[in-house]
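Residue numbering restarts at 1 for every chain, and letters A, B, ... go by the order of the sequence lines. Every value quoted in this text rests on a predicted model; they were computed, and no experiment measured them.
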Amino acid sequence: MARVELAVIDDAPAVALQGLDELWFQVAGTVCNLRCRHCFISCAPDNHSHWFMTRKQVREALDESVSLGVKEYYFTGGEPFMNREMEEILADALELGPATVLTNATLLLPRRARRLAALAANSPYTLELRVSLDGITREMNDAIRGDGAFHRCVEGIRNLVAEGFLPIITCMRSWPEHDTPHYLQGFRELLAEVGYHRPRIKILPPLLMGEEAGRTRGYEETERVTARMMEGFDASQLLCSRARLVTATGVQACPILLEAPSARVGETLSEAARTPVRLKESACFTCYLSGAICSNTGSGVGGEL
Amino acid sequence: MGGPPVGERGPGGRGAELALDAPMVGSLPGSPMRVAAFGGIYSNHRALKAAIADARRRGAEAILCLGDLGAFGPSPDRTIHLLRDEGIPVVRGNYDDSIARGLDDCQCGYTDPRDNHYARISYEYTLANTSPESRRWMAHFPREIRFHLGPLRVLAFHGSPRRMNEFLWETTTPTHFLRGMAEALEADVLLGTHTGIHWSRDLGDGYWYVNAGALGRPANDGRREVWYAMLSADSRGPGSGTNGSGPGGSVGLQVEFVPVRYEVELLADEMRDEGLPHEFIETIRSGWWTTCLEVLPGKERARGRW
Ligand code: SF4
Ligand code: SF4
Ligand SMILES: [Fe+2]
């Protein structure tokens, strides 16, 4: 076992940052109002292993980001809207550039949706809401995301659409790939019912980590990125070649590897931008195969009609 | 780090390789004070013809094409012959790069199945209908063109200075990002296209970004007109549409986006005759995009109909 582990680490290729296009914030730490079974960082109301970022912490990184030429800001958790300062944080970010929030939408009541629309209208930049919904029926979604999640999420989407947003609906694929058209159609019908007639849908490949590893299967030992695999491979496909994740306690290589000590690349953003990422983790293998599933555009199966 | 990643320029990276015989940098002769620029022709030879005539009428001393000659429209060689006959310099677009090299797709990077479906139809049609001679000509398009507009240093490219197929939309491109790039590349004016929607921004202290939009299809605004950009070095100092004076100087940039009318119905007829999809025809007739919607940011998408 030990020998295998050592060999894997020795072989792990390094990826340097080509440019800090995407700056991610673990703005809600691992705190979430839901407790999804597939959550790849096992977020929950009582998971306090990573705490909320303060507006001041975010501000400092935003200030640093200007000279680093950042193009887009992403906010994730946990559930970003569990952070009490979230709207102020978004206002700060939207002064500088476009912002995307990855949310479960269950906390997006009409009044909050209206305030978000006002924030968006006051900025020259786009505010994107990326909503996770993991099924086309209550049964399918709630089996993964917990009782009541479906109803509250769909209501959140309704509120966003009513305010003029075109949220990006993301769904982790939990079916065989060839069934995707069927599910896309199901999403379109569901979303039309809440007034969303030109939905932006993105189907994501599953990441086998955290809770998800127990639900299906973990990565196998051989599923690692090796130096040989990187020969002739376009590293710009990997998020860590153009992104970093800022947390309350330091900077990680990418939003997928919040927990991995090997993916900690610095205390400050500038330091993290200089530090190459060693692709030691098995999740890197999924990245390698799937491309940048985290960004708004890029790999992932969309479903527009 | 200091500034955006200019080190990424050059061959390598997504869709960034050049055909072997292409120079990296082209130029325009002299220092014109007034230059017309357009991109995204998408085989709309009728709009192209109208735009060239209009730009001359308005006193353009030079005309520059920012790339993407093919897609959507009929008979790609008509557009190519027109540009060649007029001697208009062309910056290499992702579409031109793909066609010249016979790649599998247009390098727009669509992942949505519907967008992909239509992108494939237009790409395969364009590839099959572009003559070998045209393709050889396109293989010489430089990746960027540098020139002086009066005293202003202009860097013209297709998508972004670092990547031919990078989308620079108005609502997703921060000012600091563009400003850092302009300073690092020693250009007062960054001039590109690729998105299909025109916009410009004063980046402060004498720096500018201009997206010339597209001649090939309307700007997803419900109007039938298509657009080009007229850039003038404005020595009369600050005024409407200028960025005022840079340190120690009084020369600003004046950007005017010019709507172009052309024979939409005749083009629609040609597209129908060529068996091009009804959706493409609907776009030029209605002014609303019907395909390639996936890459639009939320705000631009919300302004359109689909
Ligand atoms: S998947 Fe998202 S909504 Fe679900 S527990 Fe994790 S962070 Fe919360
Ligand atoms: S998980 Fe992906 S983005 Fe993160 S470090 Fe590994 S390869 Fe890079
Ligand atoms: Fe293009």
**Request:** Flag yes if more than 12 heavy atoms outside R153(B) fall under 6.0 Å of its CZ atom; otherwise flag no.
**Result:** yes
**Atom pair CG (L168(B)) and NZ (K71(A)), whose distance is rounded to the nearest 0.5 Å** = 5.0 Å
**Prompt:** Heavy-atom distance under 4.5 Å to chain A: side chain of Y110(B), backbone, both or neither?
**Reply:** neither
**Message:** If we define contacts as heavy-atom pairs under 4.5 Å, which of N116(B), T172(B), T175(B) has the most with chain A?
**Reply:** T172(B)
**Complete:** Those residues at least two apart in sequence (or on a different chain) that pass salt bridge (charged side-chain N to carboxylate O under 4.0 Å, His left out) with D105(B) are none
**Prompt:** Taking atom CG of L20(A) and atom CZ of F177(B), what is their separation to the nearest 0.5 Å?
**Reply:** 11.0 Å
**Request:** Answer with side chain, backbone, both or neither: which region of Y73(A) has an atom nearer than 4.5 Å to a non-hydrogen atom of chain B?
**Result:** side chain
**Prompt:** Below 4.0 angstrom, N of the basic side chain to O of the carboxylate: do E128(A) and R301(B) qualify?
**Reply:** no
**Fill in**
Correct closest heavy-atom pair for P98(A) and P174(B) would be CD-CG, 3.9 Å
**Request:** Mind listing the closest non-hydrogen atom pair of V70(A) and H176(B) along with its distance?
**Result:** O-NE2, 2.7 Å
**Item:** Nearest heavy atoms of R162(B) and D21(A), plus distance in Å
**Value:** NH2-OD2, 2.7 Å
**Complete:** Taking every heavy atom of R198(A) against every heavy atom of W306(B), the minimum-distance pair comes out as NH1-O, 3.0 Å
**Prompt:** For the atom pair OG (S67(A)) and CZ (R179(B)), what is the distance rounded to the nearest 0.5 Å?
**Reply:** 13.0 Å
**Prompt:** For E279(B), is it the side chain, the backbone, both, or neither that has a heavy atom closer than 4.5 Å to a heavy atom of chain A?
**Reply:** neither
**Request:** State, to 0.1 Å, how close G298(B) and L166(A) come at their nearest heavy-atom pair, and which atoms those are.
**Result:** O-CD1, 4.2 Å
**Complete:** Okay, R303(B) and chain A: the region with an atom under 4.5 Å from a heavy atom over there is neither
